[in-house]
Protein chains: 2
Amino acid sequence: MARTLAFNQHEAIEKALDVFWQKGYHGTSMRDLTDAMQINSSSLYNTLGDKHQLFIHCVKHYTLKRRLLLEQRANSFKSPKKALESFIQDVADVVIKDVQGCFAIKTAFEVSPEDKGIKALLKEDNDYTHQFLSRLIREAVRKDELDQDCDAALVADHIICTYTGWYELYILHQDPVKIKKLATYLVRQLLR
Amino acid sequence: MARTLAFNQHEAIEKALDVFWQKGYHGTSMRDLTDAMQINSSSLYNTLGDKHQLFIHCVKHYTLKRRLLLEQRANSFKSPKKALESFIQDVADVVIKDVQGCFAIKTAFEVSPEDKGIKALLKEDNDYTHQFLSRLIREAVRKDELDQDCDAALVADHIICTYTGWYELYILHQDPVKIKKLATYLVRQLLR
DNA sequence: CAAATTCTGAAACAATCATTTCAAAATTAA
DNA sequence: TTAATTTTGAAATGATTGTTTCAGAATTTG
């Protein structure tokens, strides 16, 4: 048998993700990646593949991480209405903390129009969030916390679309108050 | 005196815009541009400047064009409420027609986090739309077509954020019905 | 027409791009 | 320890990047 890998793959992917996140797919060079990952290119190609395959790893890593975060927080609420409120406010906080925007959204606009594979991954991620939200909404309706005639799937899409726009607004204006106001506005709009 | 330019600058910029729009800033090479513009690179550098300057031309061209379109349509309504409704539905139609998303939004995510010049241009464009919408909303409030306690600036931001998300959703799902439903939902949400 | 001036085309530029090569170092199991 | 196997580092790959060069074609004014 032979020696084992001298670097941690997960850590390497996380570092690569940081670079892709900041510079975008086309704006990132292999040198940027090997510098940040502190791996020689031959090792990189031998283990994680070429630039595109590495990018896929990063997308999967990112979406999985978010998914776990979402599931983790999902069970900590008794009232679905409260859970929805908290979800929206949390997204607003993430938007404000993330100066460079959401990696999935950036990738959706930069890469996925011309890359079906990446698009499929992002769609899957989007569908997951959509399911999470619409389930929450349906529960809220059942518990009479929301209007009976409310279309859960539609409202879920609406929420997702709205906070997508927050990212762009924050990139352009960097105004945390504005984002927070929009979040409370969205909550009040939905839950009355 | 000497000969005049052998190509139309506006047409050349429009062709360059098409390429940048489709491939993004970093995904576009100078060869892509000279091929599409049918101009030799020396002519390009002599007249419009380097890649970055050309990109600025494209952003300015795009935002100006949208601005004119907006102003042109603004005066064709008597009721501000009807104008708002029509604006939102029109945006939905644009989203559906544009398979590759809005150039300004794509650029906001790809370029402007690291390019203050481009960011300033996009912010200016965003502010213009914001002014346009908030003025319309204020008029609607004055004419009692909207709630008196409605914060015009906030609602304008909300509308802009929402339809930004439509672009992403359409890139991922390519479902026109979904976008139209979201548009009518937004309208009903606002104007009740 | 002629002289002046500017634009154009093709080639060349160095730099960087993603990727590959391969010998040597490193590690494992026997 | 030895033989087998894999990772690693540094260099080299050819292609492509953005940009420049410059001689000659083109066009305008006088």
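What you see is a predicted model; the values in this text were computed from it and never measured. Chain letters run A, B, ... following the sequence lines, proteins first, then strands; residues in each count from 1.
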**Student:** Which whole-number value in Å describes the distance from A:N46 CG to C:dT21 C1'?
**Tutor:**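 So the two atoms are 11 Å apart, to the nearest Å.
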
**Student:** Identify the pairs formed between an N or O of the protein and an N or O of nucleotides 14-20 of chain D at a distance under 3.5 Å, and give each distance.
**Tutor:**
unit_1, atom_1, unit_2, atom_2, d
D:dG18, OP1, B:T28, O, 3.1
D:dG18, OP1, B:K51, NZ, 2.9
D:dG18, OP2, B:M30, N, 2.6
D:dT19, OP2, B:Y45, OH, 2.6
D:dT19, OP2, B:K51, N, 3.1
D:dT19, O5', B:Y45, OH, 2.8
D:dT20, O4, B:S41, OG, 3.0

**Student:** Output the rounded distance in Å from NZ (A:K23) to P (C:dA18).
**Tutor:** 11 Å

**Student:** With the threshold set at 4.0 Å, does a side-chain nitrogen-carboxylate oxygen contact exist between A:E114 and A:K119?
**Tutor:**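 Looking at A:K119 together with A:E114, the answer is no, because their closest N to O distance does not fall below 4.0 Å.
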
**Student:** Is it true that atom NZ of B:K181 has more than 12 heavy atoms of other residues, nucleotides or ligands lying nearer than 6.0 Å?
**Tutor:** no

**Student:** Return the set of residues passing ring-ring contact (aromatic ring centres under 6.0 Å, His included) with A:F55 (not counting sequence neighbours), or none when no residue passes.
**Tutor:**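 In terms of ring-ring contact (aromatic ring centres under 6.0 Å, His included), with neighbours along the sequence ignored, A:F55 is linked to A:F20, A:Y25, A:F103.
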
**Student:** Once ring-ring contact (aromatic ring centres under 6.0 Å, His included) is applied, do any residues pair with B:Y163, and if so which ones, sequence neighbours excluded?
**Tutor:**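 Scan of B:Y163 (ring-ring contact (aromatic ring centres under 6.0 Å, His included), adjacent residues dropped) gives none.
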
**Student:** Determine which pairs satisfy side-chain hydrogen bond (donor to acceptor under 3.5 Å, both in side chains) with at least one residue from residues 93-109 of chain B, sequence neighbours left out, and list them in order.
**Tutor:**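 Matches after skipping sequence neighbours: B:D93-B:K180.
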
**Student:** Taking atom CZ as the centre, does B:R73 end up with more than 12 heavy-atom neighbours from other residues, nucleotides or ligands that are less than 6.0 angstrom away?
**Tutor:** yes

**Student:** What is the separation between atom CG on B:L44 and atom C1' on C:dT8, rounded to the nearest whole Å?
**Tutor:**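 It is 13 Å, rounded to the nearest whole Å.
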
**Student:** C:dG9 P sits how many Å from B:I39 CD1, rounded?
**Tutor:**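 Whole-Å distance recorded here is 10 Å.
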
**Student:** Any side-chain heavy-atom pair from B:S79 and B:K143 closer than 4.5 angstrom?
**Tutor:**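 Side-chain contact under 4.5 Å: no.
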
**Student:** Would you write the dot-bracket representation of DNA chain D, where each base gets (, ), [, ], | or . depending on whether it forms a Watson-Crick or G-U pair under 3.5 Å and with which partner?
**Tutor:** ||||||||||||.||||.||||||||||||

**Student:** Which pairs would a plain distance check flag for residues 146-154 of chain B, meaning a side-chain donor or acceptor within less than 3.5 Å of a matching protein atom at least two apart in sequence or in another chain?
**Tutor:**
unit_1, atom_1, unit_2, atom_2, d
B:Q148, NE2, B:V141, O, 3.1
B:Q148, NE2, B:D144, OD1, 2.8
B:D151, OD1, B:A153, N, 3.3
B:D151, OD1, B:L154, N, 3.3

**Student:** Rounded to whole angstroms, how far apart are CG on B:D35 and C1' on C:dG9?
**Tutor:**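 Distance check: B:D35 CG to C:dG9 C1' gives 14 Å.
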
